[in-house]
There are 2 protein chains.
Amino acid sequence: MGRRSIKESRQKEIIEAFYTIAKKEGLENASIAKTAALININPSLVIHYFKTREYLVYGLIEYILDQYLLIYKTPAAYKGDPHKKLLKVIDNIFSHKWNVLFDDSVAYSCYSLVFRDQKVKENYKVLLDTLRGNLRALIEECNQQGVLKVKDPAAVADTIFVMVDGAYYYLSLVSNKKEYKQKLAQYKGLALQQLNLVSPSSSGKSRQKH
Amino acid sequence: MGRRSIKESRQKEIIEAFYTIAKKEGLENASIAKTAALININPSLVIHYFKTREYLVYGLIEYILDQYLLIYKTPAAYKGDPHKKLLKVIDNIFSHKWNVLFDDSVAYSCYSLVFRDQKVKENYKVLLDTLRGNLRALIEECNQQGVLKVKDPAAVADTIFVMVDGAYYYLSLVSNKKEYKQKLAQYKGLALQQLNLVSPSSSGKSRQKH
DNA sequence: AAATTAATTGAACATTCATTCAATTAATTT
DNA sequence: AAATTAATTGAATGAATGTTCAATTAATTT
């Protein structure tokens with residue numbers, strides 16, 4: 001009875017508007033008023049759905065963390081072929097897709113909340129462990145199919161993500177496109193090394209056969 | 001003639017107060033008023049020395065970036081002994097010292113400005129390249145003394161710092177002290193591997209000799 | 001002592017902010 | 001049509017923000 005609720009879709013809409021503002025002006029300058037103005041609603045409607053700005057930020061973080069899991073999205077055709085899937089995932093991580101999915105400015109601002117909010121910290125921990133766990137499972141599948149021989153899949157998965165996080169930390173500062181591309185390839189090579197796979201670029205550098 | 005200027009010392013004092021507030025409440029909540037109150041001065045004095053809050057943040061970033069270089073501070077006795085010095089630097093990086101020098105919450109907030117401020121981005125780039133350059137020089141010294149055999153010192157230095165940055169990204173989420181210590185040792189081991197040195201912990205795990 | 005220069009204060013300003021509350025509008029059910 | 005429920009608005013509030021400006025205080029030199 002009564003009017004039917006559109007809570008969830010409205011919340012998502014607001015979060016995305018908030019994200020848009022945060023991308024443009026920084027999370028610290030993203031306000032409820034600006035968010036409301038962007039989608040032509042009243043600021044009090046934002047409060048109605050989120051109670052406080054704090055909860056809106058929580059919503060944003062949840063939204064962002066969900067995006068991270070999309071790097072495991074691979075073509076349905078790869079089902080049953082963990083090797084192909086693994087390579088695709090590595091591709092996703094070290095490619096344009098990463099930059100499309102995330103705005104690093106907002107990401108680092110959100111991450112900084114980890115240090116003052118236990119709940120945020122836990123959410124991030126769960127995500128990072130999930131990312132590692134998924135990669136580990138993928139490696140183990142490859143091991144079982146005999147296409148990979150990785151001794152400690154969990155440790156390798158961890159190492160790879162350590163490299164990913166560190167890599168983008170540096171890459172965010174590289175403005176030169178050519179240098180960016182080259183560095184990205186280099187870091188991808190490091191990840192593949194961890195899997196005892198050799199990247200095309202690094203093998204080309206030190207070929208000694210013939 | 002006239003009153004002698006205390007500009008520099010006053011600016012430093014203000015920056016440190018601003019940093020203190022930022023550590024406690026987050027950079028986005030660190031205001032000029034709070035900063036002034038902390039050291040019992042008038043808010044307009046802060047403006048007098050920094051013109052705008054933006055420049056105060058620039059000052060803070062400069063202050064923070066200078067701190068990073070302190071990880072290369074080693075006992076004077078190590079002079080002429082690059083091997084000892086290298087190990088000490090690695091120690092500094094993967095130890096309590098890191099956490100004493102930096103507040104990661106403020107660090108990530110500052111870093112997020114990189115994406116909206118070209119000047120900040122350049123400053124960070126210079127720092128990160130300096131950190132890598134110093135480590136590379138240290139490795140080369142070790143090579144020349146025959147105590148290390150690293151093929152590509154520049155690449156290895158880069159890789160180590162990629163690992164460092166990625167390592168602390170994850171470690172910031174680890175609340176369990178024991179787990180933290182163990183992970184830190186593990187990441188340190190990865191760094192030493194890059195130098196073709198074996199860490200005590202990692203060698204103990206898979207010892208097969210007799 | 002007068003002149004000079006910098007340090008410092010205090011009042012005032014406009015702006016933006018998050019949030020509250022009551023009132024209204026729009027669906028949906030009985 | 002009446003009742004119910006949620007969506008949405010609009011006005012208002014108080015607090016905090018960064019910044020400006022003129023005035024005052026304190027040191028240092030001539």
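Order of the sequence lines fixes the chain letters, A, B, ..., with proteins taken first and strands second; residue numbering starts at 1 for each chain. Everything quoted here is computed from the prediction, not taken from an experiment.
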**Asked** Can you list, by residue number, the residues of residues 16-33 of chain B that have a non-hydrogen atom closer than 4.0 angstrom to DNA chain C?
**Response** none
**Complete:** In DNA chain D, stems of three or more consecutive pairs, Watson-Crick or G-U, each with both distances under 3.5 Å, turn out to be C:1-30 with D:1-30
**Request:** Using atom CD of Glu8(A) as one end and atom C1' of dA6(D) as the other, report the distance to the nearest whole Å.
**Result:** 14 Å
**Message:** Expressed as a whole number of angstroms, how long is the span from Arg3(A):CZ to dA7(D):C1'?
**Reply:** 4 Å
**Request:** Verify the distance criterion only: is there a donor paired with an acceptor across the side chains of Ser105(B) and Ser112(A) at less than 3.5 Å?
**Result:** no
**Request:** Check whether the ring centres of Tyr68(A) and Phe102(A) lie less than 6.0 Å apart, and answer yes or no.
**Result:** yes
**Rounded interatomic separation in angstrom, taking CZ from Arg4(B) and C1' from dA26(D)** = 12 Å
**Asked** Between Asp165(A) and Tyr168(B), do the side chains contain an N or O donor and an N or O acceptor separated by less than 3.5 Å?
**Response** no
**Prompt:** Are Asp158(A) and Tyr187(B) close enough that a side-chain donor and a side-chain acceptor fall under 3.5 Å?
**Reply:** yes
**Item:** Between Asp117(A) and Tyr58(A): side-chain donor-acceptor atoms closer than 3.5 Å
**Value:** yes
**Request:** Decide yes or no on side chain to side chain contact (heavy atoms under 4.5 Å, CB included) for Leu138(A) and Lys85(A), but give the supporting numbers first.
**Result:** CA-CA 8 Å; Leu138(A) 211 46; Lys85(A) 200 171 172 185; 4.1 Å; yes
**Request:** Ignoring hydrogens and angles, tell me if any N or O in the side chain of Arg53(B) forms a donor-acceptor pair with the backbone of Ile32(B) under 3.5 Å.
**Result:** no
**Message:** Donor-acceptor pair, distance only, cut-off 3.5 Å: does the side chain of Lys121(B) make one with the backbone of Ser175(A)?
**Reply:** no
**Message:** Quick check: do Val114(A) and Asn123(A) have side-chain heavy atoms less than 4.5 Å from each other?
**Reply:** no
**Item:** Residues within residues 40-64 of chain B bordering DNA chain D, heavy-atom distance below 4.0 Å
**Value:** Ser44(B), Ile47(B), Thr52(B), Arg53(B)
**Prompt:** Can you find a heavy atom in the side chain of Leu113(A) that is under 4.5 Å from one in the side chain of Glu28(B)?
**Reply:** yes
**Request:** Verify the contact: side-chain N or O of Arg10(A) to OP1 or OP2 of dA6(D), cut-off strictly under 4.0 Å; return yes or no.
**Result:** no
